[in-house]
Amino acid sequence: MTDTSAYLRDDLSIDQQLALRTAAARLAAEFDGTYSTETVERFLHASYDQFATVGSVPNYLPLLAERFARQRLQALARVEGHHHDGLPVALFLCTHNAGRSQMALGFFTHLAGANAVAWSGGSEPGIEVNPAAVAAMAERGIDISDEFPKPWTDEVVRAADVVVTMGCGDACPVFPGTRYENWDLDDPAGLDLADVRSIRDEIERRVRRLLDDLNVPGPTPGAGTSPQRERTD
């Protein structure tokens, strides 16, 4: 799933072209000294192409591509030894990356703060995060409304210390030497808020156990959580 071949679409509007150039400039500045501008642009355009095939709103595609490319480059930097913060990395995977894995990501990030890194992905990413999952997490004071379904990629899986799978079966990636856990949870797709609550609560319990297993302390008061979220825009 990691295809970073240069790819320039011929159907971009002037605004989209400008947005991608601006995104490339931001990413190149962030990863200056780690990756070349050419590498950054390959990841950005490959990420754009992945979202352009799933029916996303065109005006949001450059932003989604930038956020996904940033995550992938951060993961690649860890795999290649360019990043050495010593923080444990958890990756949550399900089929559509729209419900279970997004709720797990939300809890992990909320409870760990800047003391760990969390990402999520799907074997068949959906179009949007399940509104019932968003509402259920909001009841816990956790906002996942601006998250977005995304595929997993090789560098993201390889960068993880633990990969938690939730229903993606044989489609989930397996790499030697990586710790895996499978959480057998109901899929919240098509369920109403009342039914999603029990799934949410079980996910919270399992995330708390995982954090204990990884010896991750709670967030530092006043430190916030945004620096270690997969959402870094």
Side-chain angles (χ1 to χ4, degrees), residues 1-85 87 89-93 96-98 101-102 105 109 117-129 146-161 163 171 173 175 178 226-233:
M1 283 193 179
T2 304
D3 180 6
T4 58
S5 301
Y7 184 80
L8 299 176
R9 300 179 64 90
D10 58 7
D11 58 349
L12 301 181
S13 69
I14 293 176
D15 288 343
Q16 287 172 307
Q17 293 177 37
L18 176 59
L20 280 176
R21 286 197 296 270
T22 303
R26 278 195 295 262
L27 291 171
E30 290 178 32
F31 292 93
D32 183 36
T34 302
Y35 295 114
S36 68
T37 299
E38 292 77 12
T39 296
V40 167
E41 289 179 345
R42 286 199 302 271
F43 272 84
L44 178 63
H45 283 279
S47 296
Y48 183 97
D49 189 38
Q50 285 180 299
F51 287 110
T53 63
V54 295
S56 300
V57 178
N59 289 342
Y60 291 108
L61 285 174
L63 175 61
L64 295 180
E66 179 182 356
R67 289 169 58 179
F68 190 40
R70 179 179 289 111
Q71 174 185 313
R72 296 176 65 187
L73 289 164
Q74 290 171 342
L76 185 63
R78 290 179 178 276
V79 171
E80 296 183 341
H82 301 305
H83 194 85
H84 305 283
D85 60 13
L87 297 177
V89 179
L91 174 62
F92 299 99
L93 301 177
H96 301 302
N97 191 215
S101 56
Q102 293 286 2
L105 170 67
T109 301
V117 179
W119 296 316
S120 69
S123 55
E124 300 175 13
I127 302 299
E128 64 178 358
V129 176
D146 63 347
E147 294 294 345
F148 58 101
K150 66 194 72 65
W152 58 266
T153 60
D154 287 355
E155 67 277 348
V156 170
V157 179
R158 292 182 183 278
D161 295 297
V163 176
F175 290 113
T178 300
S226 59
Q228 294 304 325
R229 295 206 66 167
E230 71 175 297
R231 182 175 70 243
T232 54
D233 48 271

Separation between CZ of F68 and CZ of F43, rounded to the nearest 0.5 Å: 10.0 Å
Shortest non-hydrogen contact between G126 and P149, atoms and distance: O-CB, 3.4 Å
Interatomic distance, D161 atom CG to L87 atom CG [nearest 0.5 angstrom]: 9.5 Å
Set of residues satisfying salt bridge (charged side-chain N to carboxylate O under 4.0 Å, His left out) with respect to R26, sequence neighbours excluded: E66
Partner set under side-chain contact (heavy atoms from CB on, under 4.5 Å) for A19, not counting sequence neighbours: P62
Heavy-atom side-chain proximity of K150 to S120 below 4.5 angstrom: yes
Derivation of the side-chain contact (heavy atoms from CB on, under 4.5 Å) call for F175 and V163: CA-CA 10 Å; F175 290 113; V163 176; over 6 Å; no
Sub-4.5 Å side-chain heavy-atom contact between R158 and T178: no
Between OG1 on residue T39 and CG on residue L27, distance to nearest 0.5 Å: 12.0 Å
S101 versus A98, closest heavy-atom pair with distance: OG-N, 4.4 Å
Where A159 and V89 come nearest, the two heavy atoms and their spacing: O-CB, 3.7 Å
Shortest non-hydrogen contact between T109 and A118, atoms and distance: OG1-CB, 4.0 Å
Test of ring centre spacing under 6.0 Å for Y60 and F148: no
Donor-acceptor under 3.5 Å (H96 side chain, E124 main chain): yes
Heavy-atom donor-acceptor pair, Y35 side chain to L76 backbone, under 3.5 Å: yes
Heavy-atom check, side chain of R67 versus side chain of L63, under 4.5 Å: yes
Interatomic distance, Y48 atom OH to L20 atom CG [nearest 0.5 angstrom]: 6.0 Å
Check: F31 ring centre within less than 6.0 Å of H82 ring centre: no
Interatomic spacing from CG in N97 to CD in E128 - rounded to 0.5 Å: 12.5 Å
Euclidean distance, S47 OG relative to L73 CG, rounded to 0.5 Å: 7.5 Å
Candidate list Q74, Q71, R72, test side-chain hydrogen bond (donor to acceptor under 3.5 Å, both in side chains), partner E155, passing option: R72
